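Computed from a prediction, not measured in an experiment: that's the story for all the values here.
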Amino acid sequence: MSRVIVITSGKGGVGKTTATAYIGMAIARTKRVVLVDADIGLNNLDVAMGVENNVVYDLGDVIDGRARLSQALIRDALLPNLFVLASSKVLPEGAVTSAILKRVVDELRKSFDYILIDCPAGIENGFHRAVSVADEAIVVTTPHISAVRDADKVLTLLHSYDVKLLGLIVGRIKEEQINKGRMMSPEDISRLLRVGILGAVEDDDKLTVVQMLGRMDVETKAVRAYKRIAEKLLPKVEEENVEPWYSRLWSRLKNA
Amino acid sequence: MTTSKENALFRLKKVLLEDKLAMDATGYEMLRADLIRVFNTYFEYDKKNLEIALDVDNGGILRLCVKLGAERSLPINSIKK
C-alpha cells in the first residue's frame with residue numbers, strides 16, 4: 001500500500017523542497033518514489049532535483065488532458081526508482097482543486113510505494129489542496145522565531161485534516177551556536193510545539209553550493225541527516241517480512 | 001543578562017500564545033493584572049514569587065498555571081452582587 005506524505009512548513013525558504021528531494025532520493029534506493037511539486041506557479045522541485053531541462057509535460061498538462069500522467073513523470077538519472085512530477089508554471093491558481101489533485105495522486109498510488117508532496121508555503125489554498133490529498137504530514141521548520149511560529153499555525157491547521165503527523169524536521173541548525181546557548185535547539189522547538197522530532201538537519205554550505213551546480217549525488221552532513229529521516233519512514237525489516245517464521249519453515253519442509 | 005536563545009524562547013512563547021488566544025500583548029497584560037487583583041484580594045502571599053503562565057496546546061486548550069506561595073487565604077465574609 002502506498003504512502004502519501006506531504007512536506008509542509010508554513011513559512012517559505014525553510015528547506016521543504018530540499019527535504020522532499022533528499023528524503024525521496026534516500027527512500028528510492030529501496031522503494032518506488034514519486035516527488036510531486038504541488039506549488040503551482042512557484043514550482044522549484046524540478047530545479048532542486050536538477051531535472052528542469054527534462055520537463056516536457058507537467059502537472060498542468062496532465063490536468064488539462066494534454067499529456068498522460070506517465071508522460072509527465074521524469075525519471076531520475078541516477079535512481080531508476082525515483083520520479084518527479086513537475087508543477088505547472090502557467091496554470092491559474094484556481095484551476096487545480098483538491099479533487100483534481102486527488103485524482104492525480106490516486107493514479108500515482110497504483111504505481112508508487114511513496115508519494116512525497118512538496119507543499120507550497122503559506123496557509124492558503126495551495127496548502128489546503130496539498131494536505132487534503134495526503135495520508136501523512138511532515139512539518140519543516142528552522143530555529144528562527146518566524147519559522148517556528150508559522151510551523152505552529154500549520155500544526156494547528158493539520159489537526160482539522162485526516163492526516164497523521166509524522167513529526168518535525170528542524171533544519172538550518174548550527175551545533176556550535178546551540179552548544180553555546182545562542183540558538184534554540186531542536187528539542188526546545190519540539191517542546192514548544194509539542195511535536196516529536198523526525199530529524200534535525202545542520203546548516204550546510206556545501207549542500208547549498210552543490211545544489212547551485214545542479215548535482216544531487218553528494219554526501220554531506222545534511223544529506224546524511226535526510227538519509228536518517230528516510231530510514232525512519234521506511235518499514236522495519238520485520239514489518240516487511242509478514243510471513244511468520246513457522247510458515248516459512250513449513251514452506252521449506254514442503255518443498256524439500 | 002539573557003542569552004539570545006533565552007530571548008528567542010521568551011519571544012516565541014509570547015507570540016505563540018498570542019496567536020492561539022487571538023490576544024495581543026495588551027490583552028495578556030490585562031488578564032494578568034486581573035488575576036493579580038484577585039489574588040491580592042483573597043490571599044496573603046509573597047508578591048515577589050508569584051508566577052503566572054498562560055499556555056495553549058495544539059488542541060486549543062488553554063492552561064493557566066499559577067504558582068502562588070500563599071501564607072493564608074482571607075475569609076470571604078460577603079460577596080458583592
> Can you tell if the side chain of M184(A) reaches within under 4.5 Å of the side chain of L12(B), non-hydrogen atoms only?
Replying inline: yes
> Going by heavy atoms in the side chains, are L193(A) and L16(B) under 4.5 Å from each other?
Replying inline: yes
[atom1] of [X]: more than 12 outside heavy atoms within 6.0 angstrom?
X: K102(A); atom1: NZ; value: no
X: D162(A); atom1: CG; value: no
X: K221(A); atom1: NZ; value: no
X: E219(A); atom1: CD; value: yes

When rounded to the nearest 0.5 angstrom, what is the spacing between [atom1] in [X] and [atom2] in [Y]?
X: I145(A); Y: L9(B); atom1: CD1; atom2: CG; result: 8.5 Å
X: K13(B); Y: L192(A); atom1: NZ; atom2: CG; result: 6.0 Å
X: D152(A); Y: D19(B); atom1: CG; atom2: CG; result: 7.0 Å
X: R149(A); Y: R11(B); atom1: CZ; atom2: CZ; result: 10.0 Å

> Do T3(B) side-chain atoms and R182(A) backbone N/O form a donor-acceptor pair below 3.5 Å?
Replying inline: no
> Which pairs count as ring-ring contact (aromatic ring centres under 6.0 Å, His included) when at least one residue sits in residues 125-155 of chain A, sequence neighbours excluded?
Replying inline: H128(A)-Y161(A)
> Contact part of K180(A) toward chain B, heavy-atom cut-off under 4.5 Å: side chain, backbone, both or neither?
Replying inline: neither
